[in-house]
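For the numbers below, each heavy atom of this structure counts, side chains included, while hydrogens, waters and symmetry mates do not. In what follows, residues are counted from 1 in the order of the sequence shown. None of the values given here were measured: they were computed from a predicted structure.
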Amino acid sequence: MKKKFLMILGMGVMLNYSCQKDKLSPISQTSVTNDDNFLQFTTAPRIQAQVLALYANLRSGVFMGGRYQVYQEIKADNWINLSNNGVTNTATWNQSVTGTTTEVQTLWNQAYFTINNCNLFIDGMAAKGAAIVTPAQAANYVAEAKFIRALCYYDLLQMYARPYYDGNGSKPGVPLRLTGNAVYGNYDLARSSVAEVYAQVVKDLNEAEAGLPLIYADAATITTRAHRNTAIALKTRVYLTMQQYANVITEANKIVGTANFTASAGSAPAGGVNNALQADVTNVFKAPYTTTESIFSLPFITTETPGTQNQLGFYFYNNGSVLNAEYYLNPAGVVADANWKATDKRRVSFIIASTNAARLGFRFLAKYAQPSPYTDWAPVIRYAEVLLNLAEARARVNGVDAQAIALLNAIRGRSDASTVFTAGSFAGGPALVDAILQERNIELLGEGLRNTDLVRLGLTIPAKSGGAPAVPASDPRYIWPIPNNELLYNKLATPN
C-alpha cells in the first residue's frame with residue numbers, strides 16, 4: 001500500500017516535472033509559462049502523475065485532509081474548545097474570524113490552488129494530452145479533474161457564501177475561475193452568484209459522471225480516486241444543500257437499491273462499485289479504510305501525514321490522551337440526546353469519557369484513533385450519507401414516506417437494533433425530517449457536515465459554553481468573510 005500512495009501523496013504541486021533549458025537562455029524561477037505547462041503532457045506517465053497530484057492538492061492538511069472538516073464541525077454546535085489556541089481555530093469556534101484570520105485565508109488559498117491546477121490540467125489535456133493517451137483514459141483523467149474542481153467550489157460556497165435558499169442563489173458566491181493561470185497577469189474577476197457557481201458544480205459533476213470509470217482494479221484506488229458512484233454521491237449532497245429534493249432522489253436512485261439499499265441493487269450499470277453499508281460502523285474507521293461504505297476518502301501513511309495541527313485525530317481524540325485534545329464533545333450537543341441510547345454501537349465505540357480528575361467526564365470522539373503521526377484517512381463521502389440524503393429528500397417530498405423510514409432504520413438499526421421506527425413514530429413529515437436530521441448529527445459526527453446542515457436550512461448556530469455566541473442566519477458571522485488578500489489583489493472582488 002505504501003508504494004501505491006507515495007505517488008499520490010508525495011506531490012505537493014502539479015507542475016513538478018522540469019526540463020533542462022538552454023542555460024544561456026535562463027527562464028523565470030517564479031512563474032510557469034504555458035509552454036512549460038504543455039511540456040507536462042508529452043508522455044502518459046507525466047499525465048498520470050499530474051492527475052494524482054490533483055488529489056495531493058486536495059488532501060492537503062489545510063484543506064480536505066483535515067482542516068475543512070474541522071472548521072465545519074467546530075463552527076457548529078457539537079464541540080467545546082479546550083486549548084484556546086488561535087492556531088487550532090479558536091476564532092472559528094467562537095465566531096470571531098476576520099478577513100485576516102489564518103484559517104480564512106489559508107483554506108481559500110489552497111482551494112483555489114487546487115482549482116487552478118485542475119484548470120491547467122484540463123487546458124493541457126485539450127491542447128496536447130488527449131493525443132498522448134487513449135480516448136477513454138483522457139476522458140477518465142479530465143473527469144477526475146472536474147470532480148475535484150466541483151468539490152472545491154462546493155466547499156468554498158459552504159464557508160464564504162450565503163446559503164442557496166437565501167434569494168434562490170442570487171447572493172454573491174465566489175470568483176468562478178475555469179481556465180488555468182500559469183503566468184503572472186491581471187486576474188481580476190468578480191464574484192459569480194451562488195446559483196452560477198452551483199450550476200458549474202453540477203455541470204462538472206454531470207460531465208465527471210459520464211467520463212469516470214465504473215470501477216478501478218483494487219479497493220484502495222476505488223476509495224481514493226473518483227469513479228462514477230463518487231460523482232453521483234456528491235451530487236446528492238449538492239442538491240440537498242440547494243434544497244432541490246427531487247434531484248436528490250433522482251441521483252440517489254442511481255446507486256441506492258429499493259430493497260437492501262446497496263448500489264448493486266440500484267439502477268447503476270453492471271460492473272460498477274457495489275457500495276453498501278458495513279454491518280459494523282466501526283469497520284469504516286479502521287485500516288485499511290477501503291470498505292464498500294467508503295465512497296471517497298483521502299489517504300495518509302506514516303511518512304505522509306496531514307501535517308502539524310491539521311489532523312482530525314489531533315483535534316478530536318489525540319492518541320487517546322484527554323489532556324491534549326483540542327476539542328471535547330459539547331455536553332449540550334448531540335451527546336445530550338436521550339434517544340441516542342447508551343448501547344448504540346456509535347456511542348459505545350466512538351464516544352470516550354475521560355477519567356482524568358481535571359477533566360472528569362469530558363467526552364471525546366474516537367473515530368480517528370490512530371496515534372501520532374495520525375494516519376487516519378480523512379473521510380469525504382460515505383454511503384451512509386447518501387442513504388440519509390435520500391431519506392431526507394423523500395421525507396420532504398412525500399411526508400411520512402415508507403422508504404425514508406426504511407433508510408432511517410438501516411442507519412440506526414446497524415448500531416442500535418433495539419430501535420425500530422414505524423410510520424406511527426412520527427406525527428407527520430416534519431417530525432420524520434427532524435429524526436433524519438438528528439440521525440445525520442449522530443452518524444456523521446466529526447466528518448465535516450454539521451455546519452452545512454445547519455446553514456443550508458437557515459437554522460441558528462447555537463451558542464456554546466465558554467464564549468461562543470448563538471449566530472442566527474441574519475448575522476454576518478453566519479458565513480466567513482472573503483479573505484483580505486483576495487480583496488487586495490482582486491480589484492473586482494467584493495466583501496461579504
Side-chain angles (χ1 to χ4, degrees), residues 55 58-59 64 68-69 72 140 143-144 146-155 157-158 198 201-216 219 221-242 244-258 260-269 271-278 281 284 289-298 377-394 403 407 410-411 436 439-440 443-444 447-449 452-453 456:
Y55 290 98
L58 186 67
R59 51 76 67 190
M64 295 218 71
Y68 175 81
Q69 292 91 327
Q72 281 285 324
N140 182 165
E144 288 182 87
K146 289 183 176 180
F147 169 82
I148 294 170
R149 182 171 70 182
L151 180 58
C152 290
Y153 274 122
Y154 174 84
D155 289 349
L157 288 173
Q158 305 322 301
Y198 270 116
V201 168
V202 170
K203 180 177 184 292
D204 275 349
L205 291 176
N206 284 335
E207 292 173 0
E209 178 187 351
L212 287 168
L214 293 176
I215 198 168
Y216 293 100
T221 308
I222 290 170
T223 306
T224 59
R225 289 177 66 179
H227 49 78
R228 178 181 179 271
N229 287 10
T230 321
I232 294 168
L234 183 54
K235 277 195 283 182
T236 70
R237 180 188 295 180
V238 170
Y239 282 129
L240 192 73
T241 308
M242 299 171 72
Q244 295 185 2
Y245 302 118
N247 286 333
V248 176
I249 296 169
T250 297
E251 295 299 330
N253 283 344
K254 296 177 182 179
I255 57 174
V256 178
T258 57
N260 57 1
F261 306 134
T262 65
S264 61
S267 60
V273 177
N274 293 328
N275 291 117
L277 291 179
Q278 291 290 289
V281 67
V284 180
Y289 307 103
T290 56
T291 70
T292 55
E293 188 168 336
S294 304
I295 295 179
F296 183 54
S297 299
L298 297 171
W377 289 17
V380 179
I381 307 173
R382 281 203 286 135
Y383 196 63
E385 182 203 341
V386 176
L387 299 189
L388 290 167
N389 293 347
L390 177 57
E392 182 181 340
R394 290 191 65 89
Q403 187 184 13
L407 290 161
I411 301 298
I436 294 166
E439 198 66 29
R440 291 176 66 87
E443 177 69 23
L444 304 173
E447 298 180 45
L449 293 165
T452 289
D453 275 354
R456 67 181 168 88

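Taking Asp453 as the reference, Arg440, Arg456 meet the salt bridge (Lys or Arg N to Asp or Glu O under 4.0 Å) condition, with sequence neighbours excluded. Glu251 pairs by the side chain to side chain contact (heavy atoms under 4.5 Å, CB included) definition with Glu209, Ile232, Lys235, Thr236, Tyr239, Lys254, not counting sequence neighbours.
The aromatic rings of Tyr198 and Tyr154 lie perpendicular to each other, with more than 60° between the two planes, well past the 30° mark.
A distance of 12.5 Å separates CD1 in Ile148 from CZ in Arg59, rounded to the nearest 0.5 Å. Of the inter-residue distances, the one linking Ile255 atom CD1 with Thr230 atom OG1 reads 8.5 Å to the nearest 0.5 angstrom. Distance CG/Leu157 to SG/Cys152: 11.5 Å, rounded to 0.5 Å. If you take CG on Leu390 and OH on Tyr245, they are separated by 13.5 Å, rounding to the nearest 0.5 Å. Between the CD1 atom in Ile436 and the CD atom in Glu392 there is a gap of 6.5 Å [rounded to 0.5 Å]. Here the NE2 atom belonging to His227 is positioned 8.0 Å from the OH atom belonging to Tyr216, to the nearest 0.5 angstrom.
Judged by distance alone, with hydrogens and angles left aside, the side-chain atoms of Gln69 form a donor-acceptor pair with the main-chain N or O of Met64 at under 3.5 Å. A donor-acceptor contact shorter than 3.5 Å links the side chain of Gln72 to the backbone of Thr452. Side chain of Asn275 to backbone of Tyr383: no donor-acceptor contact under 3.5 angstrom is found.
Using modelled atom types, one finds no donor on one side chain facing an acceptor on the other under 3.5 Å when comparing Ser297 with Ser294. Side-chain N/O atoms of Glu144 and Tyr55 include a donor and acceptor closer than 3.5 Å.
Between Arg382 and Ile295 the shortest side-chain heavy-atom distance does not fall below 4.5 Å. The side-chain heavy atoms of Val248 and Val238, taken from C-beta on, include no pair separated by under 4.5 Å. At a threshold of 4.5 Å between non-hydrogen side-chain atoms, the residues Leu234 and Phe296 do not count as touching. You'll find the side chain of Phe147 reaches within 4.5 Å of the side chain of Leu205, heavy atoms only. Between Leu388 and Leu407 there is no side-chain heavy-atom pair separated by less than 4.5 Å. Residues Arg237 and Leu449 are in side-chain contact: their nearest non-hydrogen atoms beyond the backbone lie under 4.5 Å apart. In this structure the side chain of Trp377 reaches within 4.5 angstrom of the side chain of Thr290, judged on heavy atoms. Proximity of Leu214 to Val273: side-chain heavy atoms (C-beta onward) are nowhere separated by under 4.5 Å.
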Q | Candidate pair Thr258 and Gln403, rule side-chain hydrogen bond (donor to acceptor under 3.5 Å, both in side chains), full reasoning | A | CA-CA 8 Å; Thr258 57; Gln403 187 184 13; over 6 Å; no
Q.
I'd like to know whether Val380 forms a side chain to side chain contact (heavy atoms under 4.5 Å, CB included) with Leu151, so could you lay out the CA-CA distance, the side-chain angles of the two residues, the decisive distance to 0.1 Å, and finally the verdict.
A. CA-CA 10 Å; Val380 179; Leu151 180 58; 4.1 Å; yes
Q: Determine, stepwise, if the pair Asn274 / Thr292 fulfils side chain to side chain contact (heavy atoms under 4.5 Å, CB included).
A: CA-CA 7 Å; Asn274 293 328; Thr292 55; 5.7 Å; no
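When all heavy atoms of Ile381 and Ala233 are compared, the closest pair comes out as CG2-CB, 3.8 Å. Closest approach of Ala226 to Leu212, counting heavy atoms only: O-CD2, 3.4 Å. Shown here for Ala393 and Ile249, the closest heavy-atom pair between the two residues is CB-CG1, 3.8 Å. Contact record, Val386 with Ala252: CG1-CB, 4.5 Å, taken as the closest heavy-atom pair.
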